[in-house]
Amino acid sequence: MALSIYNSLAREKQLFEPLHPGRVHMYVCGPTVYNDAHLGHGKTYVNFDIMVRYLRYMGYQVLYVQNITDVGHILDSGEDRIVQGARREQMQPMQLAEHYTRRYFADMDRLNVLRPDISPRATGHVHEMIDWIQALVDNGHAYVSDGSVYFDVSRFEDYGKLSGRRLEEAQSGTRVQQAEDKHSPEDFALWKKADPEHVMRWSSPWGEGYPGWHIECTVMSTKYLGQPFDIHGGGVENKFPHHECEIAQAEAATGLPFARYWVHNGMLMIRGEEMHKSLGNFITLERAYERWDPMVLRFFILQSHYRGPLDMTEEAVDAAARGLERLYGTVRAVRRQLASAPEGAASSEVARLAESSRASFEASMDDDFNTPGAIAALFDFSRATNVLLQEPGTLTSGDMEVIDRLFGRLAGDVLGVLPDQLRESDAPELSRQLIELLIETRRELRQARAYELADKLRDGLSALGVQLQDGPQGTSWTIG
RNA sequence: GGCGACGUAGCCAAGUGGUUAAGGCAGGGGUCUGCAAAACCCCCACCAUCGGUUCGAGUCCGAUCGUCGCCUCCA
């Protein structure tokens, strides 16, 4: 296994080598918790979840940090997002942040996104931010102006190395607003002076105020991961200015490099358009879950590469749902037949099949986390398994276990799309017994050639979500 | 206007110079079945357009057309 990652900083795929052998330190920009998470959040955190899972699968000990932005994300109007949300919902700012933080985690749990090892809150790190800003002021990379502190972009040579943007270009942009107290329009806020009515405020060497958005990621990532650290992830839309500013602050303050590998994921589109409140196509995860199983959404997301944009249409998600069901069908069949399989160790044929499937899966994942390729490997494995399954008695219990374990490892542990309860026996005991009774009754009806009644039974069960499949060894069923 | 991505079958989507262009969905034809469903087998792509580099290009270069992102808040 040799993992290559597309490093946005270098603009090329590079062999991944962690700073410390066997360990990976990874940071991803988290959400600003002023509203419910939407499908775009879903794509982003599933994309990065896959990286964490695969790195762990490879044997790395991963320390994954993802912040919670609960202060400092400022709107055009100069208003803080959290403060604005708090007024909208008539809550205290911290109450609002806590409320949406909990909902964020709940939404991500349903998508089977593993929780980060550390979820630092920006408000809990204001002291560290102040220290960091002070260091920048002390070494001349930042200046104080009327109670606010700004980063002096002209004093940082490398500004623009991530986004490819140059100073002159930024200056020529017509929409950059010139704040009165900035020396230059592209300078960005490290610390903002709080107006008298501003609720979220901390005292600092420059007076009462609150931190800017960019500084929190620099401070919280390096605090827990060191500097430099291995991987920094985020959405492409934040490449500039957010990530560019993070680099500037981090490297200007310490003289050390910041993140070694930058990974950016592509955006989610709704029917060809960016999801935006103003476009009226803003879909929260909660609402999407009413229409689709979260596993289906996760699978849909993974069927495209993380770096590309993903256009979401109902048709495409429905197609993904049917594909996922196909995979589940194989896993169900294996688990169902395990009990009746002849005892025995795994055959060399199955061992070879499992080995080549695993290799093919890993080859795709090693290539910059190519999940569509990895999924294709699973479908191939699924087909090969189904062929073996067609001849009852071909597979021994050992074979079944090898197959089941591989699905569990690849589709379950790495891709996170395999629920543990894929067994028909997971229905409540009474339901199970009733279904078995109806199946037996139907068997007798069929034997008596009372097909009309038998079909009526089957249709009735189907309407209740119980699908029957007649096979050579009797009738099996799934519930869903 | 500046910077940057991308255009692959009806739909979704891999593929970064080399035999027959993955995989899924949909569709067509079979096998199996009392009939279905599932499963299995077979079929379904002149890789946006034009030009160039090369023995050889979906893959590299240029132009054109189109879509999208960033430059202002975004995951």
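Lettering of chains follows the sequences in order, A, B, ..., and the numbering in each one begins at 1.
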For [X], answer base if it contacts any base atom (sugar-phosphate contacts may also be present), sugar-phosphate if it contacts only those atoms, and nothing otherwise; contact means non-hydrogen atoms under 4.0 Å.
| X | answer |
| --- | --- |
| A/D380 | sugar-phosphate |
| A/R443 | nothing |
| A/D470 | base |
| A/K43 | nothing |
| A/R449 | nothing |
| A/Q469 | base |
| A/L324 | nothing |
| A/R458 | base |
| A/D318 | nothing |
| A/L378 | nothing |
| A/N386 | sugar-phosphate |
| A/G235 | sugar-phosphate |

- Message: Under the criterion of centre distance below 5.5 Å and interplanar angle below 30°, is A/Y451 classified as stacked on the base of B/G34?
- Response: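 Stacked: ring centres under 5.5 Å, planes under 30°.
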For [N], give the paired nucleotide (Watson-Crick: N1-N3 plus N6-O4 or O6-N4; G-U: N1-O2 and O6-N3; both under 3.5 Å), or none.
| N | result |
| --- | --- |
| B/G17 | none |
| B/A22 | none |
| B/G27 | B/C43 |
| B/G66 | B/C6 |
| B/G1 | B/C71 |
| B/C35 | none |

Please pick, from [options], the nucleotide with the shortest atom-to-atom distance to any side-chain atom of [X].
| X | options | result |
| --- | --- | --- |
| A/P372 | B/A13, B/C35, B/A75 | B/A13 |
| A/T32 | B/C25, B/C12, B/A75 | B/A75 |
| A/N238 | B/C35, B/A75, B/G24 | B/A75 |
| A/S304 | B/G69, B/A14, B/G23 | B/A14 |

Determine the interatomic distance between [atom1] on [N] and the same-named atom on [M]; round to the nearest Å.
| N | M | atom1 | value |
| --- | --- | --- | --- |
| B/A21 | B/C44 | C1' | 14 Å |
| B/G15 | B/C50 | P | 25 Å |
| B/A63 | B/U53 | C1' | 15 Å |

- Please determine if a side-chain N or O atom of A/R383 lies less than 4.0 Å away from the OP1 or OP2 oxygen of B/G24.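 Yes, within the criterion.
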- Query: Reckon A/R326 has a side-chain N or O less than 4.0 Å from the OP1 or OP2 of B/A39?
  - Reply: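 Answer is yes, contact under 4.0 Å.
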- Task: Kindly determine whether A/D311 and A/T313 satisfy side-chain hydrogen bond (donor to acceptor under 3.5 Å, both in side chains), including the steps that lead there.
- Result: CA-CA 7 Å; A/D311 191 16; A/T313 60; over 6 Å; no
- Mapping A/E452 and A/F48 to their closest nucleotides on RNA chain B, which lands nearer the 5' end?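 The residue mapped nearer the 5' terminus is A/E452.
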- For A/Q390 and for A/Q303, find the nucleotide of RNA chain B with the closest heavy atom, then tell me which residue's nucleotide is more 5'.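 Closer to the 5' end of RNA chain B: A/Q303.
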- Task: Classify the side chain of A/N370 versus the base of B/G15 as yes if they form a donor-acceptor pair under 3.5 Å and no if they do not.
- Result: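 Check fails, no donor-acceptor contact within cut-off.
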- Search all heavy atoms of A/M400 against all heavy atoms of A/Q337 and return the closest pair with its distance.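 Residues A/M400 and A/Q337, closest heavy atoms: CE-CB, 3.6 Å.
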Can you tell me the distance, in whole Å, between the [atom1] atom of [X] and the [atom2] atom of [N]?
| X | N | atom1 | atom2 | result |
| --- | --- | --- | --- | --- |
| A/R322 | B/G27 | CZ | C1' | 12 Å |
| A/M269 | B/G69 | CE | C1' | 8 Å |
| A/H305 | B/C12 | NE2 | P | 19 Å |

- Could you walk me through whether A/E186 and A/S184 pass the side-chain hydrogen bond (donor to acceptor under 3.5 Å, both in side chains) test, one step at a time? CA-CA 6 Å; A/E186 70 275 14; A/S184 181; 2.8 Å; yes
- Task: Tell me, with the steps shown, if A/T475 and A/D470 meet side-chain hydrogen bond (donor to acceptor under 3.5 Å, both in side chains).
- Result: CA-CA 4 Å; A/T475 301; A/D470 298 327; 2.7 Å; yes
